[in-house]
Structure formats: C-alpha cells, structure tokens
Amino acid sequence: MAKLILSLSFILLFSFTLALREGSWQQGECHLSRINAREPTFRLEAEGGVTEFWDHTNDEFQCAGVSIHRHRINPRGLVLPAYHNAPVLVYVVRGRGTLGYLISGCPETFESSQESQQEYYEERGEEGRSHIFRDKHQKVREIRQGYVFAIPAGAAHWTYNNGEEELVTVAVQDVANYANQLDRTPRSFYLAGNPLRGQQQQEGRPREQRGLPEFGNVFRGFKVRPLSEAFRVDEETARLLRGENDTRGHIIRAEQGIQFVSPTLREEYGRREGQYGRGEGPYYTRDNGIEETICTAEIKENLDKPSRADIYNPRAGRFSTLNSLTLPILRFIRLSAARGVLYRDAIMAPHWFLNAHSAIYFTRGECRMQIVNHLGQAVFDGQVREGQVIVVPQNFAAVKQAGEQGCEWIEFNTNDNAMMNTLSGRTSAFRAMPVDVIANAYQISREQAERLKYSRRETLLFSGSSSRYERGRVASA
Amino acid sequence: MAKLILSLSFILLFSFTLALREGSWQQGECHLSRINAREPTFRLEAEGGVTEFWDHTNDEFQCAGVSIHRHRINPRGLVLPAYHNAPVLVYVVRGRGTLGYLISGCPETFESSQESQQEYYEERGEEGRSHIFRDKHQKVREIRQGYVFAIPAGAAHWTYNNGEEELVTVAVQDVANYANQLDRTPRSFYLAGNPLRGQQQQEGRPREQRGLPEFGNVFRGFKVRPLSEAFRVDEETARLLRGENDTRGHIIRAEQGIQFVSPTLREEYGRREGQYGRGEGPYYTRDNGIEETICTAEIKENLDKPSRADIYNPRAGRFSTLNSLTLPILRFIRLSAARGVLYRDAIMAPHWFLNAHSAIYFTRGECRMQIVNHLGQAVFDGQVREGQVIVVPQNFAAVKQAGEQGCEWIEFNTNDNAMMNTLSGRTSAFRAMPVDVIANAYQISREQAERLKYSRRETLLFSGSSSRYERGRVASA
Amino acid sequence: MAKLILSLSFILLFSFTLALREGSWQQGECHLSRINAREPTFRLEAEGGVTEFWDHTNDEFQCAGVSIHRHRINPRGLVLPAYHNAPVLVYVVRGRGTLGYLISGCPETFESSQESQQEYYEERGEEGRSHIFRDKHQKVREIRQGYVFAIPAGAAHWTYNNGEEELVTVAVQDVANYANQLDRTPRSFYLAGNPLRGQQQQEGRPREQRGLPEFGNVFRGFKVRPLSEAFRVDEETARLLRGENDTRGHIIRAEQGIQFVSPTLREEYGRREGQYGRGEGPYYTRDNGIEETICTAEIKENLDKPSRADIYNPRAGRFSTLNSLTLPILRFIRLSAARGVLYRDAIMAPHWFLNAHSAIYFTRGECRMQIVNHLGQAVFDGQVREGQVIVVPQNFAAVKQAGEQGCEWIEFNTNDNAMMNTLSGRTSAFRAMPVDVIANAYQISREQAERLKYSRRETLLFSGSSSRYERGRVASA
C-alpha cells in the first residue's frame, strides 16, 4: 500500500514537475496538438443588446494572448463607457453607429455653435432651453459595416447604435500586448451602470464564469462623499454614478435616442458638412502633449471597400490589409488587421506569419482550412463557418479554400506590421529558391522543380481547380 | 483506501492545475483584492547609514514589478559603488550629496588642472604631493532635496553625503522592466565592501530574508591572482577589493570626507563656476559610441521647485511631472515620475493611468485614498502617511484627499510617458462625453448631466469642500 | 496511514507552492549557483552532414533564453529550407557556403541573362536546354569562415556547402526574443524533407529527446489535394513535398552539386563581377513594403578580419564587435555578436554586460574563466576549450585568461547594442571614480588607490603577467 502511495506521489511529483516546466514559459503555452473553430460560450444580456464572449482560457486563445467578444447592439442601444487593460481592435460586422473616445486633456472639438444649435433644437421643438444644451465634447466618430477601429489600452470609449438595424461588432483584446502591465486576465473598467446587474459583483465570480472577462463599474468602489466632492454635485447625483439599482446591464437603451454635435448628424439631417471636415484642423491646440499621439490620431478605416484591396484577383477574391503604415495608431497598439474575400472554390495560398498570431473571424460563407504546426502535424483540418473564430499561431502554416458560397473573414494580427510568407504563387518562398535547390530538396527533376516554382502564377489568392481556371481564362479572353 | 488516495490525488491534480493556470500569467499576478499602505520591513545597518527595504514579495509590488528601498546616509557617508539588474529612479527626500556614475568608456571629463589643483591642495595644506593627486574622473553630479535621478540597468554608481544633515533618498527598482533580462529578483552587484557584513553571504540567505533584495561584492567571487593581474597591483591590494574583513557594511563613513574635482565644490569654496557648465561642452569627444546615449545624457531634474509645476491651483496644490519629453534618459529606462502637493482638504481628481503602474511614496502629511479595481471593489480605502508607499496598479482608479496638514508625495510610474485620465474636472473623461450620453448612462436628467459634466471647473487638483471653496473665491475676489 | 497520506499531500502542496513562486518569474529563472562549460548533447545525423544540439533546458540556457546548435555540413551538403520561431545569429566556424533567404514578396533579383546563361551552360555542356534553365531567384549570399549572419524569426533559409571542406556553423536561437510570440520551445519549421527521418514525427517525441529543439516538415501536415491545387501540379509531385519516404534527413547531399545564379559563382568561374555589385541597385523595386526592411538589408559581415578589430593590443589580442550600428538588421532582431582573440596568457578585463546575456562559443585554444554572480559567488571557475559554450548572464562579472595556446571565441549577446563595463584598464569603471572614493571604499591609502586606478593602462585586453609585460615593453621599445 505504502508503495502504491509512494508511486502515486512519484507520479504526481513527476507530472507536476513536467507541468511546471511547461507552464513556466514566458509567453503562454503554445504546445497545441489541436486547434478548434470556436463559437462564443458566454452571453451577457442587457437592455439594449447582448455581448457574446469566446472563452479566453481555451488553449489557442491563451497561446495567442487574445480575448474575443461580439457586441450585438439594438437600435438606440448604447454600450456604456468603459476601458480595457489591453488594446482592442474592432471590426463592424453589420450596421452603423457612433463611437466616442474619452481622452483626458484632449480638446472638446465638437462644439455646438449658437446658430446651428438653435436650428437643431427648433427641429426638436425645444427652442426655449437652448442655453442649457449648448454642449461641447470630444470628437465622435461614425462607424459603419466594414470599418476597423482601434482602441488603446486604458482609453475609455462608448458605442451607440444610431442606425435602424442591429449594430454588430467583433473585437479582439490583446492581453499579451506590451501595453498591458497587469496579468493576462481580460478586464473591462466600466464608468457607468451595473454591467453584471448586481448579482455577483461583490462576491467574486462563480466557477461557471471562468473564461468570461472580468468587469464592473469603477464608481461602485468609491464612497459617495468623495464622488460628490470631486464632481461638486449633491450626494444623490453622485450616488447614481455607482449604478446600484440599475438593472439595464452594460448596454442600455436610450428611449429618446442620443443627440450630440456631429458633422455626421448634420449630414443626416441634410445640412452641408463643408468646412468642418472630420473635426480636424484649427480646433486642435496644444494642450498637454498627449494629444499629439492620441487626440489627433485617426483610429478607423473602411476595410470593406473593394477598391481598397491590396491584392485582387478577379477569379479568386481580394485581400485588404490594415497596418501601421496605413493607420499609424496601429504602431502604438501593435496590432493589425486584414480583410479577406475568397470566391467559390478559390484558394488562399499556404502561408505563415513571420511575426504574429492571427485570430480570424469569419463573416460570411464557409471555408475549408488546414493548419500545420512545426512537427508537421495538422492541428486543424476542417470547415469554418460564419460567426466562428479560429486562431493561427505565429509561424504555423495555414491554407484556406472557399466552399460553394465563397468565404469572407476579418483577421486580427498581433503585430502592427504582420508579415506573411506564402509557399506557392508569384511572390512565394518557392520563387525565391533556385530551381536546383528545389530539385535537390524534393528529389525531383529540374522540370518538376520548375513546375513547382512557376506553375501557380497568381499572388496569394488562387482561382479554384485548374479546369475551372482554364475555362475562366477562355471566358475572359 | 485506494479510492481515498485517488480522490486526494485528484484534488491535488485539480488544485495544481488551477494554481498553474493562475501562476502562468506573464506579467505577474495582479488579482489584488486588497492593497495596503506599506512601510519598510527590513533594515540594513551600516557604518555610514542605514537602508530600509520594502518587501518586494508583497502582492502589489509583485504585480507592479517594483522593489523599493530608502537610504538614510549620514554626513560623510558613502554608499559603495554598485549596479542593479534593473533601472532605478531615485528621489531625494532630504539633504544633499554627490552622485557618481561609472560608465566604461565615457571620458573622464572632470580633470584637475595644474593650477586649480594646486590652489585646492594649498587650502588643505598638502602642496607637496600635488603630483600624486592630479586626478581625473567622470562627471559627478550634485543632488539635493527634490531632485529625481535615473540610473539605467547595470550602470554602477556611488552616492556620497557631502552635506551637514542626513541625506535621505527613496528609490524604485523596476525589475519588470524590459532592460532586466534576469528574473524578477531585485539584485545589487556591489563593487566594494562587504554589504551583508559577511554572515550569510556564502551560505545563501535564510528564510527570514525572503523579500530582501539580494546582493554582495562581486570581487568576492574572483580569485586574488587574476585580480592582481587584471589591475596590475600586488596581491595584497587585490585582496582588499574583496572586502573580506570589512565590517563597515554597504554605506561607509569617510572620516576625512571625500574630495573630488567638481564645479560644485568650487562653487562651495566660493570660486566661479563660469565656463565649466555642467561638465558638458568641449570635454565630450566621440570615443566608442555609447557616450552618445549614456555619457552625455542628463540624468536628474529638480521636481520640487514650485515654478516647475505643470498644474497649479492656488486653492488646491500643484503637480509636476517628469517624463521622457522633459528628461530624455527616461525614454531609455521607461520610467517616469511626478511630484504632487495637495493643500488641506484639497482633492486630486479620481483618475487612472492608461499605461503604467504607479508606486507612490508620501513625503509629508496625510492623505485619504481610495483605490478601485475593475470589479468595482475598493481595494484600498484609508489613510496614508509620510514615509509610506502605496501601489496603484495600471488602470485601477484612485482618488486622494489631503488631511488637515495637507499631503505631499512623489510617484514613480512604470512608463516613460505615463498617461492619466481623470473622471471629473476640466480635462476629464466626462467633459469628453456628450451631455446626452451622460444623461442616458446614469438615468438622470440633462440638467443633472450638465452638472456632472461642468460643475467642477478645476483641472486635476480641486479645492476642498464647496463651502470653503466659495469662501475662498470671495476672499480672493 | 491516512496521516501519512495527508502529510505526503501536505509536502506535495508545500513544495509545489514554493516551486510555483520560483517558477512564476517572468523572464526565466536565473538563480544560478553553478554554470558549466557545455558541449552538445544531441546529434542528428543526416546524409549531407550532422547537427549537434546543446541541451536548451539546462539552467543557464533557460536563464538566457537561448538555444544553440552546430551544423557540420559536408561538401555538397544542403541544409533543407526551414524557418525558426525566433531570430538566429550564426557564425561560420570553418569552410564556405551559400546562404539563401526566402522572403515572400522580395524581388527575384538574381536573374540569368540569356547570354550569360548560355555561356554558363555551354561550360556544362547542356546548351540545348537553356530555355528550361532560365532561372531567377532571390539574392543568395556567399558565407565564409569568420562571417556572422542574421536570420529574423520566421524567415526561411537554406545553406549549401559549395566548398571543398566541411562547412561548420554555430548558431544561437534567441527564444526569449520579443519576436517569438510562441512559448520558449525552440522550433524549426522545415519546408522539405523528413528531418527526423520519419520515426517519431507523428507520435510526438520520446522523453529522451527533451532538450532537443522540435521540428518537422510542415508540408507533412497538409493533405495532398490542396497542395496539388495550391501549386497547380499533379498530385504525385505534390506528394513529394511531404517528404514521406525521404531518408536523407535534414541535410541532404546534392550529388551533382547545386547551380544557381550568383555573382560569386561567376567570380569563381573567372568572370567579371562588375556592375552587378551584391545584387543591389536597380534591381530593387518597391513591391509590398516589406522589402524596405528585409529584402534590401545586409545580413552578414566578416568578423574575422584582423583589420576589422575594434580593440587591438599587439601584446594581448583583438576584439571585434558587431552591433546594430554596424549591421542595422541587428536592430530588428535585437542580437549582437563579438569576436575575441586572446594571445598566450593575455587577460580580458573583468567586465559585465549592462543589458545582455552572453553565450560564448570557443573556436580555438583554451581559456581560464571566472564568472561571479550578484552574491559574490563564483558560479564558474575553470577551463573552457574549443567547441564548448558558456553562458554569462546579464550583469554577472566575468574574467578570461588565455592558456598556452591562446584562446579565441565568438560571443552572441541578447541585445542589439550590448554594453560592456570593465573593472580595470583604461576605460574601466575604476577610472570613472575619484581616487578618494576608491581609497575610502577599499580602506586603502591614496597611493594604493592610484595604483588600482592607473596601473593597468591597456583597454579591455591586457598582456599577461606583469614581468612578461615589462619584458614586452622593453622589447618593443
């Protein structure tokens, strides 16, 4: 018996020693023998919409150090202002809305002029109170399907659905980012409301919520009196900051809609935007130094415009990349994105990223994917569908082929200038090699080596089976 | 029985798996449900002074990756030359002294001219030996109460109290800094003496010293013969480098005082500083390339001068920041500092740092502080006093209110350009939001929202209770 | 019995808790009480050569985050194309060869002109097939004994021995590098062949191979059909990419040799290199943005040329450094190198690196080394010989003295601008200190202090024992 125990203990010791060694690696554990196409596992319902979370404790998310969630915001829904402990990159899957940044010390450049304000309130029949609603605030940005926008670590922001249909966004929070000096738990610091609706907030979270990011309203932790003093308001108002009896959750519904100063709104109301531009220009004054990096930075770009494509093959699809050369704030948050569209049966060349993990969200259709690790093992070989996420770790090789309906995706890469190498096609690694090296490496004739090197003449996106390709060429000729 | 064992094993396995998952985070564990105002827990006495260490294994220091100590150096006390495995940022709490850097390859720009040297030794009555004491050495810097100075990882330095009163410095060593490629144990490599006075140095440290940084005299590890050869001195002298019988500890007392070439000394002796400047100018020649980054860098600045304040409110206090824009070497060591002074009852706006932890040392008075985490929990709510340290982790929200005597502090931030967001006041996140967003977020009227947004017109530092504020305004009007 | 089990469990719990605390440091565990001079522990034989691996799980390699291997490539041996999950810095110990980079999107700048190609094949008597072998490929680089070359993380490359003797290279893979976002396991992704010759590839590796880097042919994980489509070749050819029946291993032998377009080859064949330069100049066109950083970067330099020395002492030896100022790609991969040559009995000054670990490979002779940690403990004190590797962790102090035959080495430093401080000699830390500080620190007279400071007048490399030195001086006078 004692022997049994000892040997058990030995096994324990042994396996734990191993586990420790494995577990003590710096950048998370990336010994993945299997990767899965993942769907969200948590739903957080609220008055104005719902947020779905992917379980960030899954192996591949741990390896990549990312946490992913999807907001579904109803019309007139407002995601309460919050900030995160890591940079966030967001793609607008559907709908339109307004995004507001809250950066201390940035100038309030959206200002209602006396005149325009009057006009505005005349429309709403509230002329008499125009002295009250002379508001000014920081720049707000219109977002729309196909936009990617970037949020630095710690930067508070709110999102409002000002459209007629659901606003759906998918976001990746890069907790392994250099900008996150806390641990790798994804955290959201809300500045209002009662995100978990009060139940578990004070007692810590139950086991079944492991894998869900952690969050709460930071005002809840402050006593009422200092808040009242800090804001110079009565204690009743200060108490409301803490959202104690708020049952609306983290996305609220603005029954009357939300009004703010915006060139966009004016545009909607049929007025000229004219000299206002995008809130840039003479409004920007030097204040405390940080607005040079943050306040004036462009934070969004439309990646869906077909004309924006970096690679386009009329028989295969298109590929648009967004990196720090095109959107400089990405240099600061060290993330980048790419939008891919593959037509029916088309192939994205086998490739690997030199310097980034890739978290891919599929926005339409179905793809067949294979992902291979350094041991030459297929860690994934299967279908991925609209609404699923798959992670391709750095250096792992991957290939995609679109199904019957084609396939579209947005990929978030953990480097502001993610570099991709392809294995076949016009700009591939094979093209870099002398024919003789190929012939010797694969024990084939020079003729075969030439075919391997030169047969596929397209770049990154390949038309489907060769027969169809030939037909396509004839047709287009 | 076997069942029991198995279930025990299961429990073990289970709990370790959890523990591993928690323990495998990259940047240290920041799941803090409680933060404390800390005082030093270790004292290291020496002939010329004493050093007090905060226990760097406390949760909040582990989270922030910093280790803090305070030197109290008696007049004529010399902290022996040493270097650390991480950058250090130091604030001079009291007294005055001289700081010497030892950077290999930097030119020895402080040189006694024949003439001035003679004069100097005439004063001390040692004319006959002027050929011996024609010394030259690298730049030394005068430090004084209110100065902050920066020491890169691995850069050896010594500190000498050349004043009449105790020289007190408080230092933060950023072991989580990119420049530390060793593990997170704070280490000091002394170049002289017998810092631990011999007892434990060879046997490793006893358990009761966990939490104390580790250090020793590196010469101790070298054999005498190679030292004698490397310095081309006799073995007796070489043996003294190892400090074996030295019982003075890490701060020694220079009975006769220490003399060196210095424009400051001359200034003290009533001579003109004139063309020597701060050791810059024609002395600097290109030597081996590193002095461009290190040798000529300014490493200190006086943060105490009231006229240096970045934010000043005559009814509340002042706030002075030191970042890489004002002291470029901070870009290299990726730390910054700020000095805060709050008058009686004044409030520092509720705020959070976007990109830095903050370790705050209180230099005078008493403050009431609240610190809130992402779950909306108050992890600290209490008083902090002169001589205590408190850590505010990245993104955690904090508010300070001075007590009867006011309150002053120095804060060290783990980013060379720490960015702060405030929740109330003229440059706050609330000012950034449209009134309508505030009204909807907190379920309040537009009037209340306007008050929340606009009532507090000051920036960062707020005068105390509103009644007093009103009075103050009347008085100053 | 139950007690026994409980106490056992307690012990387990206890020891694991300790282990976790120690094991949870961010940058690897550097509590080294002992460092060893290491020789390779694994041999991987292949048709065209052999690779020897140092066990990367040894404590000092873990601390430094490096993995080291040595290729011995026979004439006409080709190391199959592969990429790694971390940057690699390589030194050519012996022989000569050709290095090919495969960077997607870089232009194929080595192009056989019609004319020169014909001439070339005329020589080989294959004129009739010149239409087939009109090849173009990316720049290839000639390497030779004494060259250091750099390979970014994820960049595929191949190496070919085009000389008459064995080509020996030693490489350090910096798995702790920022560019590796996977964990710290050294991984190699081969693009051809069957590196492990099939045995263990699919089942995972046996225990006895722990410490060996992990690798395999990535094509093995792809199904044949998508490969055939991606390359537009028949399935038979596609199947050969997977190298299933290839028994040659990771270094193959090209029986006929390998031919490619190269100014070097032409040079060998006695033709003018002339306007072609090193593949630079008009060939480079802007394509996709990445070639600005990678495609046109110089990646190699000859560190062996005596005239290249940065420090030279005719009585002691020479020292040549390679950092990002001399080879800019090193800024990107954050590594640097230095080549040291010590003559008989000469000494390299006691020194430490401020900001880097150092992995030293000895290329000739024998040295006596001492390495000291922060506690003043000698963690190494012994001989190191040709073919051994020793790691000097950041900030640890080290001294070298050559034996009878002198001693030569290449050192790889984990910083692109590794900064060294010496303790003795003309540019040492001691020179930086005023004589009075030295006298007080070591309790010696000013005369002794002066000797410590000024006796050794050489820089970094010191001639041997003082008697011999004196004789040397007389001789050279």
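Throughout, a chain's letter reflects where its sequence line sits, starting with A, and its residues are numbered from 1.
- Looking at A:R225 and A:E229, a side-chain N of the basic residue comes within less than 4.0 Å of a carboxylate O on the acidic one, giving a salt bridge.
- With a 4.5 angstrom heavy-atom cutoff, B:A398 touches chain A only via backbone atoms.
- At a 4.5 Å heavy-atom cutoff, the contact between A:L80 and chain B is made by side-chain atoms alone.
- Interface remark: B:I347 contributes side-chain atoms only to the contact with chain A (heavy atom separation under 4.5 Å).
- One side chain, A:S188 or A:H84, offers a donor N or O that lies under 3.5 Å from an acceptor on the other.
- At a 4.5 Å heavy-atom cutoff, the contact between A:F219 and chain B is made by side-chain atoms alone.
- Among B:N373, B:T321, B:I444, B:L423, the residue making the largest number of heavy-atom pairs under 4.5 Å with chain A is B:L423.
- Heavy-atom pairs under 4.5 Å with chain B peak, among A:G100, A:G243, A:S228, A:A153, at A:A153.
- Of the atoms belonging to B:A349, not a single heavy atom falls under 4.5 Å from chain A.
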Subject >> Worked check of ring pair (Phe, Tyr, Trp, His ring centres under 6.0 Å) between A:Y83 and A:Y101 >> reply: CA-CA 10 Å; A:Y83 58 93; A:Y101 255 43; over 10 Å; no
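- If you tally non-hydrogen atom pairs under 4.5 Å between each of B:I438, B:D381, B:L460 and chain A, the highest count goes to B:D381.
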Original post:
Can you list the steps and then say if A:Y178 with B:N355 is a side chain to side chain donor-acceptor pair (under 3.5 Å)?
Top reply: CA-CA 10 Å; A:Y178 83 107; B:N355 57 359; over 6 Å; no
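- The most heavy-atom pairs under 4.5 Å with chain A, out of B:S424, B:P434, B:A429, B:A449, come from B:P434.
- For chain A, the option among B:H351, B:R368, B:Q443, B:M348 with the highest count of heavy-atom pairs below 4.5 Å is B:Q443.
- Inspection of the B:N323 and B:S336 side chains reveals no N or O donor paired with an N or O acceptor under 3.5 Å.
- Most heavy-atom pairs under 4.5 Å with chain B, from the set A:E236, A:R187, A:K223, A:Q138: that is A:R187.
- Proximity to chain A (any heavy atom under 4.5 Å) is restricted, for B:Q401, to the side chain, taken from C-beta onward.
- In this structure, chain A has heavy atoms under 4.5 Å from both the backbone and the side chain of B:N395.
- With sequence neighbours excluded, no residue satisfies ring pair (Phe, Tyr, Trp, His ring centres under 6.0 Å) with B:F396.
- Both the backbone and the side chain of B:Y442 come within contact range of chain A, judged by heavy atoms closer than 4.5 Å.
- Proximity to chain B (any heavy atom under 4.5 Å) is restricted, for A:A179, to the backbone atoms N, CA, C and O.
- Contacts of A:R253 classified as salt bridge (charged side-chain N to carboxylate O under 4.0 Å, His left out), with partners at least two apart in sequence or in another chain: A:E255.
- Here B:D310 does not pair with B:R318 in a salt bridge; the nearest charged N to carboxylate O distance is not below 4.0 Å.
- Per-residue counts of heavy-atom pairs under 4.5 Å with chain B were compared for A:L241, A:I252, A:L227; the largest is that of A:L241.
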Original post:
Step by step, would you call A:F215 with B:H374 a ring pair (Phe, Tyr, Trp, His ring centres under 6.0 Å)?
Top reply: CA-CA 5 Å; A:F215 45 82; B:H374 60 291; 9.0 Å; no
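- Side-chain N/O atoms of A:R242 and A:N194 include no donor and acceptor closer than 3.5 Å.
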